[in-house]
K.L.:
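Pasting a structure below so you can have a look.
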There are 2 protein chains.
Amino acid sequence: MKNKVNRELPDEILKTTGYKPFESVEVKDLVIERVSAKVRQSVKPNKLVDSLEEVVLKTVKDGMTISFHHHFREGDYVFNKVMRIIIDHGFKDLRIAPSSLTNVMNDILVEAIEKGVVTNITSSGMRGTLGDVVSHGALKNPVIFRSHGGRARAIETGEIHIDVAFLGTPNADEMGNANGMDGKAPFGSLGYALMDAQYADTVVAITDSLVSYPNTPASIKQTQVDYVVKIDAVGNPDKIGAGATRFTKDPKELKIASMVNDVIVNSPYFKNGFSFQTGTGGAALAVTRFLRQSMIDHNVKATFGLGGITKPMVDLLEEGLVDKLMDVQDFDGGSAQSMHLNKNQQEIDASWYADPANKGAMVDKLDVVILSALEIDTKFNVNVMSGSDGVIRGAIGGHQDAGTAKLTIISAPLVRGRIATVVPDVTTVITPGDSIDVLVTEIGIAINPKRTDLLDKLSNIPGLPVYTIEELQKIAEEKLGKPEPLEFTDKVVALIEYRDGSLLDIIREVKD
Amino acid sequence: MKNKVNRELPDEILKTTGYKPFESVEVKDLVIERVSAKVRQSVKPNKLVDSLEEVVLKTVKDGMTISFHHHFREGDYVFNKVMRIIIDHGFKDLRIAPSSLTNVMNDILVEAIEKGVVTNITSSGMRGTLGDVVSHGALKNPVIFRSHGGRARAIETGEIHIDVAFLGTPNADEMGNANGMDGKAPFGSLGYALMDAQYADTVVAITDSLVSYPNTPASIKQTQVDYVVKIDAVGNPDKIGAGATRFTKDPKELKIASMVNDVIVNSPYFKNGFSFQTGTGGAALAVTRFLRQSMIDHNVKATFGLGGITKPMVDLLEEGLVDKLMDVQDFDGGSAQSMHLNKNQQEIDASWYADPANKGAMVDKLDVVILSALEIDTKFNVNVMSGSDGVIRGAIGGHQDAGTAKLTIISAPLVRGRIATVVPDVTTVITPGDSIDVLVTEIGIAINPKRTDLLDKLSNIPGLPVYTIEELQKIAEEKLGKPEPLEFTDKVVALIEYRDGSLLDIIREVKD
C-alpha cells in the first residue's frame, strides 16, 4: 500500500512490525500510558565500579537494548570504549538505541554488525562507512530512524525499552549526579541523555572527572544512576563542536542566508515575541547574524531561541534580543559554557523539546525554523537521510519535529556539484511536504502552494524572486540533466518513522 | 499480631489492607516497577482555563484521588479555594493525597469529611480541629500517614495514584512552566510538588502571576501540566514562613541546643566533609548557630546541608562553611529567595530527598540530623504524631527518613508543662528506636545502648551528663507522676506507614 506521502510500504513490513502508515503531520489526540523504569534500590555509600569492563559484565546480557547519547559528537570516546568491551566479550544480538550516531562510532559499529554483536539499531541517523554497510544490507534487521522527538516518544511509550544506558558526562560524583557543563570535555545541555537517565532500567554514568559529592547542578540525578565509572577521558573537547563555528564566506551560502532573512522579516511571524530555531553550520550562523541585524533594525525581540544552541544565539540572549534559550544541545563551546552562567538558558530534555506525545513540546510554540535538505521534491517533501546514490548519510535530528513550526524554511542550494537538490521525488521522505512552507535557494524561493498567505506577503520583495517549486526543479534538471534512476533490491534496510510513530518511508538495500 | 516495634496490628487491618508488618529500619533490596502518568497530548497554543471552577468541573470525578502540596504552609489559599468548589458541587468519596496538611486547611476539610466529600486521606500529618475529628472517628476510612520519602515511594509504586493534582505556584506561564521562587508569594523549592507534577495523570497549575512564555527556571514543566488557571492570590506571603525565624531566647531550649552541639562536635562525624539536617523552629535555628561557631572554631566544613532549608543554613553556604544546600523545601523567606541566586542551593524532589525505593536518596548520605519528639520511649521509639491525649496533632515529615542518618539526635525537653516527653511507651511509633542514637534533654543526654561507640565518645564531656533513657524516664515520672492510661475504642482511625511501606503502627479512635 501507499501512505499519504505516496510511499509504497510493503505489506510484509506493515504486518510484521505493526506500524500504522503515516497519515498526517497533524499529530493529535494521542493518549499515552507512559512506561517507567524498573528501579533497584541502592543504599550503597557510593556507586563506583573499578572499570568499564566490570560494569559491562555486570549489566549487559545478550539480546538487550543498550543506549548512548551523542552529545560528545565527533569527540566521543565512550561509545568506542564500551563497544570494544562488548565485542571482545562476544555478546550477541544487541539492540543499540543511541540518540544518534556520529562518524567516530562507525568503525566499531561496523565491526559489531559484522560479528553479529549488534543486530538492531534505532538512531536519529548514520553516515560514512556505517551508512554504507547498512545500505548494503549488512545489518540483520532494518534500522529504525526516529527524530529526536520521536525517540523521546518511543522511550516514553516503551517502544524503545532501554535495558542499560551508558552515559558519558564530563563530571559526576560518586552517586551519579552529573551535568554536561563542567569538566575537561564539556558539551553543555544533556538534553537527549536525560531521556535515557529517566527511563533506562540500568544507568551507568561514565566520567573522567569525579567531583565531590553532591555535584550540582545535577542534570542527571543520583536517583537515576546505578553505577559510576571513572575512565581516563570521556571525550576530545576539540571535536565536540559540531561543524562550523565561523560564519560562512561562501557567496552562495551568504546569498541564501540573506534571502532566508528576507523571508523571515517579510513574513507575518517577524514581530515582537516571535520564536525561532536556526540550527548549526556556517550558513545557519550566517542566518542568525542577518536575523540579529534585522531584529535591531526593526526593533523586534524574540521570546525564545530553540534547539541546538550556538554561540551567536547566546550573543542574542546576552544582547537582550532574545529572552530565553531553550537548550536541548549545544553546538559549540561558547553555548556549552554559558548554560550555567545564564539562568535564561534553560536545559530541556528531548521530550520537552519535541515529543508530540507529551503535554506540550517547545516545537509546538515555534514560529520560525530554518532547516536543511539533501533533496526536496515538487511536493515539498524533504530528504536529509539518503544520498543521490541511495546510501544512508544523514540524520533526522529535529527536522520532522521543528518542521511543525508556523514558518518552516528549507535553506538549500539548487544543485550541489553535479547533483540536484530540487528533484521530482525525494529518494527518502524524512519530513513531509505538508510541514514545509518555503524553500530558499540561491536563485530564489518557492512557496508551498497551500500557503497562499505567504505567496501574498513574499511576492514583489526586491531581491527575492519567487518561483514555483516545479520551476526550480526544471531549472536544476536543465542544468544537470536527468539522473539515472537508482536501483535497489527488495530488502528493506531501514524504516523511517514519523515523529508520531507511524511509518513514513522505508529504505531499500542499494544494488551496486 | 505484634510487629518488630511491639505494636499490636489487628489481623483485620492486615488482611483488608495487605500491609506487611514493619520489620526493620534497614530498608534494602527493594525492586520497584515504577508506574507513570497517563498522558494526554496537548497541542493547544495555551492551557489557560477561565476559572478554578471550570477546571475542577473538567477534571474531578467522584471517587478520584486529588492532591495538593503544602509549600505555602499556613499562607495557603489554593486548598481552600479548590475544596470550596468541590464541596459546593457535591462531589463524593474523594481521596485526598496532599504532601501534608496545615492548619489553614482544617476547617474546610472537616466540612468535606462531614459531608462525605472526602472519605480517604493520606498525608504527612494533620493538626488542630482536623486531627481532633479524625481522632474521634469522623473519617470513613483510616488516614494513611506517610513520611515525605514514603509518599514519594508510594507515588512511584502506584500505591498513591493521583488523578488530579492542584498545584499552586507563585508564577507560571500559559503552558504551565513554573517555579516556587518568583512572584507575590514565593516559597522556594517545589520539592514535594515535583512528585505530583511528574506522576499525576492530570496536573492543574494555579497561579496569581502569569508570566511571559517560556518561564524559567522551570521546576514544574509544561510537559507535565494540563491546565493553567490564574486566580487573584495563591497565598499569603506573610504566613508562608514556618515557625520561628529568630533564635530562641528560651534558656531551656538554648541549653538543649548547646548540648546538641556538644554531642555533634564530640561525635566521630564532626569532621571535614560531614553533612547535616537541622530542621526548623527557634531551637533548630539555635543549633545551627552553635554548629556554625563550632565549625569555625574547629575549622570544619560540611559538604551539604539537607532538608527544609532556613536562612541560617543559607548563611553557612554563603560563608563557605557548607558546600551545598540540598533543598526540598524552604522554611523562611531568606532561604526561598536565595535558591535561584546560588547554584549551590539545589532544588531536589521528595524522591531524591528521602525515597528509600530509588537509586539513592540524600538521607542515605546524611551524617547528622537533629529531630524533635512529642514523646520518646525507653526503646527510643519516637512519637511526633499523637498528643498525650491520644489526639492526632503532628506530622511525620522527614522524621523517619532523616532518622536513618549516621547520627540521629532527638532534641526534646524532658517534660512539657505537666506532660512527660520521655515515657515508658510512646502512644504512637513514628520513628523506630533503632533509628535513634542520642536523646538530648535539658538535664542531659541518653545514648541508644546499641551505640556503644557513642557511649565511649560522649561520656565524660564537661556539661554533658549522660543518663540511661530509663533514668530520664524515671526522672520525668518522678516529677509528674504516672499519667492515666489513654482509652481508645476498637476503631482504627489512622495507619502509620514506615517509609518502606510496611505497617509501623495504628491509631485508634479516642474514647472521651
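Treat the numbers as computed from the prediction; the structure is a model and nothing was measured. In the text below, chain A, chain B and the rest are named by the order of the sequence lines, each starting its count at 1.
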K.L.:
Is A:Met326 close to chain B through its backbone or its side chain, or both, or neither, when contacts mean heavy atoms under 4.5 Å?
P.N.:
side chain

K.L.:
Looking at every heavy atom in both A:Glu159 and A:Glu497, which two are closest together, and how far apart are they?
P.N.:
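Minimum heavy-atom contact is OE1-OE2, 4.3 Å.
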
K.L.:
Using every non-hydrogen atom in the two residues, find where B:Gly183 and B:Ser209 come nearest and quote the distance to one decimal.
P.N.:
CA-OG, 4.3 Å

K.L.:
Output the option from B:Val203, B:Val225, B:Asp349 having the highest count of non-hydrogen pairs under 4.5 Å with chain A.
P.N.:
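Max contact count across the listed options: B:Val225.
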
K.L.:
Side-chain donor-acceptor pair under 3.5 Å between A:Asp330 and A:Ser189, yes or no?
P.N.:
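Distance-only check fails for A:Asp330 and A:Ser189.
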
K.L.:
Is it the backbone or the side chain of B:Lys343 that comes under 4.5 Å from a heavy atom of chain A, or both, or neither?
P.N.:
both

K.L.:
Based on non-hydrogen pairs under 4.5 Å, which of A:Val35, A:Thr216, A:Asp201 is most in contact with chain B?
P.N.:
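So the answer, after comparing A:Val35, A:Thr216, A:Asp201, is A:Thr216.
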
K.L.:
With B:Val25, which of B:Thr404, B:Asp500, B:Asp434 fulfils side-chain contact (heavy atoms from CB on, under 4.5 Å)?
P.N.:
B:Asp434

K.L.:
Examine whether an atom of B:Val39 lies under 4.5 Å from a heavy atom of chain A, and if so say whether it belongs to the side chain, the backbone or both; otherwise answer neither.
P.N.:
both

K.L.:
For chain A, which candidate among B:Ala218, B:Pro217, B:Gly273 shows the most heavy-atom pairs at distances under 4.5 Å?
P.N.:
B:Ala218

K.L.:
Please look at A:Glu33 and chain B and tell me whether the side chain, the backbone, both or neither of the residue comes under 4.5 angstrom of a heavy atom of that chain.
P.N.:
both

K.L.:
Working note: A:Asp323 + A:Lys301, criterion side chain to side chain contact (heavy atoms under 4.5 Å, CB included); need CA distance, chi angles, decisive distance, verdict.
P.N.:
CA-CA 8 Å; A:Asp323 292 337; A:Lys301 292 180 181 179; 5.6 Å; no

K.L.:
Between B:Pro214, B:Ala361, B:Ser275, which shows the greatest number of heavy-atom pairs under 4.5 Å with chain A?
P.N.:
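With the most close heavy-atom pairs to chain A, the winner is B:Pro214.
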
K.L.:
If every non-hydrogen atom of B:Val31 is compared with every non-hydrogen atom of A:Arg40, which pair is closest and at what distance?
P.N.:
CG2-CG, 3.9 Å

K.L.:
Of the backbone (N, CA, C, O) and the side chain (C-beta and beyond), which part of B:Asn344 lies under 4.5 Å from a heavy atom of chain A, both, or neither?
P.N.:
both

K.L.:
Please flag which part of B:Asp355 lies under 4.5 Å from any non-hydrogen atom of chain A: side chain, backbone, both or neither.
P.N.:
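B:Asp355 has no heavy atom closer than 4.5 Å to chain A.
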
K.L.:
A:Thr157 versus chain B, heavy atoms under 4.5 Å apart: side chain, backbone, both or neither?
P.N.:
neither

K.L.:
Starting from the C-alpha separation in whole Å, work towards a yes-or-no answer on side chain to side chain contact (heavy atoms under 4.5 Å, CB included) for B:Thr59 and B:Tyr227.
P.N.:
CA-CA 10 Å; B:Thr59 59; B:Tyr227 302 100; 3.5 Å; yes

K.L.:
Report which part of B:Lys47 has an atom under 4.5 Å of a heavy atom belonging to chain A: side chain, backbone, both, or neither.
P.N.:
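The side chain, not the backbone.
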
K.L.:
List the atom of B:Tyr199, the atom of B:Ile155, and the distance in Å for their closest heavy-atom pair.
P.N.:
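Scanning both residues completely, I find the closest heavy atoms to be CB-CG2, 3.3 Å.
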
K.L.:
So which heavy atom on B:Ala154 is nearest to which on B:Arg146, and how close?
P.N.:
CB-NE, 3.5 Å

K.L.:
With no hydrogens and no angle check, just 3.5 Å: does a side-chain donor-acceptor pair link B:Ser351 and B:Glu156?
P.N.:
yes

K.L.:
Quick one: which of A:Lys28, A:Glu347, A:Lys44 has the most heavy-atom pairs under 4.5 Å with chain B, could you say?
P.N.:
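With the most close heavy-atom pairs to chain B, the winner is A:Lys28.
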
K.L.:
Would you say A:Tyr498 and A:Val27 make side-chain contact, with heavy atoms under 4.5 Å?
P.N.:
yes

K.L.:
Can you tell me if B:Gln277 uses its side chain to pair, donor with acceptor, with the backbone of B:Ala402 under 3.5 Å?
P.N.:
no

K.L.:
So which of B:Asp364, B:Asp226, B:Asn46 has the biggest tally of heavy-atom pairs under 4.5 Å with chain A?
P.N.:
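If we count pairs closer than 4.5 Å to chain A, B:Asp226 comes out on top.
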
K.L.:
Going by the angle between their ring planes, with limits at 30° and 60°, are B:Tyr213 and A:Phe304 parallel, tilted or perpendicular?
P.N.:
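Answer is perpendicular, since the angle exceeds 60°.
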
K.L.:
For chain A, which residues from residues 171-179 of chain B have at least one heavy atom closer than 4.5 Å to it?
P.N.:
B:Glu174, B:Met175, B:Asn177

K.L.:
Can you name the closest pair of heavy atoms from B:Ser219 and B:Met181 and give their distance?
P.N.:
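In this case the closest contact between B:Ser219 and B:Met181 is OG-CE, 4.2 Å.
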
K.L.:
With a 4.5 angstrom heavy-atom cut-off, which part of A:Lys324 approaches chain B: side chain, backbone, both or neither?
P.N.:
side chain

K.L.:
Is chain B contacted by the side chain of A:Pro45, its backbone, both, or neither, given a heavy-atom distance below 4.5 Å?
P.N.:
backbone

